[in-house]
There are 2 protein chains.
Amino acid sequence: MGYSVSEQEQLLFLFKTLSNQLGPKFEKNTQFSLSRFELLYQLVQFEEISQSSLQKIVNIDHAAITRHLKQLEIDGYVTRRRNPKDNRETIVHLTEEGRQQIFNCQKDKQSFTNQMFSHFNDKELKSLIDMLQRIQKNIKEI
Amino acid sequence: MGYSVSEQEQLLFLFKTLSNQLGPKFEKNTQFSLSRFELLYQLVQFEEISQSSLQKIVNIDHAAITRHLKQLEIDGYVTRRRNPKDNRETIVHLTEEGRQQIFNCQKDKQSFTNQMFSHFNDKELKSLIDMLQRIQKNIKEI
DNA sequence: GCTCAATTATTGATAGCTCAAATATTGATG
DNA sequence: CATCAATATTTGAGCTATCAATAATTGAGC
């Protein structure tokens, strides 16, 4: 335990602040909230997937998943139906409209992240990912 | 622009996820939300400070500041009064009760952050702080 | 001294998130 | 085949956060 207390505190606050500022800015630039974007983004590569599987990937609470997907269904970006093989499950599918939407905002997202990580090199990004994943793992055990 | 797209995306999602998991866990372990904790924590070293100055330090929206401090006043942890020299300002002061509370939960906070950053060395923490601050700066310009 | 822009705080509207409780379905066990 | 634990989703309650609009106060410039 050779490190200073104040660095840990600083980081604790930094995470919260950063995330609070990140969300609204992202939404303003892409027309999608970060969570909705991530959901659609994952759906692109899955074609069909149950809500619970999707939940495990994006790490958002079940309740939030349900509400997001309900709204995305209303917007016409996804379809939802029960799994005939297991009626507990809801299977989600990205519509053509949804695919188009997520495709359209790729450019905005790209320029957003480019700005967000400007002056970062590849090594730094990799190191950042590594550290965040380790923290996430540490937190899970609390 | 020599870095891969998927790393940037991964980080984008990681920040959100991490912060979403961090808040509730912290609150469960310390009886204070991260924001309330930070507010009280800053007040310890200031004795008296205006809400707007406090806002600049913690980087939370004015509206949220007002609501937090109102509740903390009801709880008896802070007092609030108008600045006689400038009636627009509200001056916040930490009560003895508030000081005691923040002192009492220091140990919980400490063991929380120790767990959160376990297996991190000092150099990594410093590097993490540096990168997060740079990102914060980048975001501010968007 | 009056007007007007800037500053500070507050309130209302909206949305996201978590947790806990409720509902429905499945599958295993006796 | 009845029961019961596990799984998947949904709903309700409670927080927190942002943004936008409003109100009160101050200070500068004419």
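Proteins come first, then strands; the chains are lettered A, B, ... in the order of their sequence lines, and each starts at number 1. Heavy atoms only: backbone and side chains are in, while hydrogens, waters and symmetry mates are out.
Proximity of Q71(A) to the phosphate of dA15(C): no side-chain N or O atom is located under 4.0 Å from OP1 or OP2. Phosphate contact (OP1/OP2 of dT10(C), side-chain N/O of R80(B), threshold under 4.0 Å): present. An OP1 or OP2 oxygen of dT16(D) is reached within less than 4.0 angstrom by a side-chain nitrogen or oxygen of R36(B). The phosphate of dT9(D) (OP1 or OP2) has a side-chain N or O of S52(A) nearer than 4.0 angstrom.
Look at E141(A) and K25(B) and you find no salt bridge, because none of the NZ, NE, NH1 or NH2 atoms lies under 4.0 Å from a carboxylate O. Using a 4.0 Å cut-off between charged side-chain N and carboxylate O, E73(A) and R81(A) make no salt bridge. Taking the charged nitrogens against the carboxylate oxygens, K126(A) and D130(A) have no contact shorter than 4.0 Å, which rules out a salt bridge.
A side-chain donor-acceptor contact under 3.5 Å links T113(B) to the backbone of K109(B). Between the side chain of R134(B) and the backbone N or O of H119(A), at least one donor-acceptor pair lies under 3.5 Å. A donor-acceptor pair under 3.5 Å is absent between the side-chain atoms of Q71(B) and the main chain of H68(B), judged by distance alone.
Taking atom CG of L72(A) as the reference point, atom C1' of dA15(C) lies 14 Å away to the nearest angstrom. Rounded to whole Å, atom C1' of dT16(D) lies 11 Å from atom CG of L34(B). Between the CD atom of Q55(B) and the C1' atom of dT10(C) there is a distance of 14 Å, given to the nearest Å. For I57(A) and dA8(D), the CD1 to P distance is 14 Å, given to the nearest whole Å. Protein atom NZ of K85(B) is 16 Å distant from nucleotide atom P of dT8(C), rounded to whole Å. Rounded to a whole Å, the CG atom of L18(A) is 20 Å from the P atom of dT16(D). Residue N83(B) contributes atom CG, which lies 10 Å from atom P of dG27(D) at whole-angstrom precision. Separating the CZ atom of R82(A) from the C1' atom of dT7(D) is a distance of 12 Å, rounded to the nearest angstrom.
Among I91(A), L72(A), L69(A), the single residue meeting the side chain to side chain contact (heavy atoms under 4.5 Å, CB included) criterion with R80(A) is L69(A).
Residue T66(B) is classed as a base contact, given a heavy-atom separation below 4.0 Å to a base.
Listed nucleotides: dA8(D), dT10(C), dT10(D). Nearest to the side chain of K56(A): dA8(D).
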Going 5' to 3' through nucleotides 17-25 of chain C and flagging B where a protein heavy-atom sits under 4.0 Å of the base, S where only the sugar-phosphate is that close, and - otherwise, we get SBB-----B
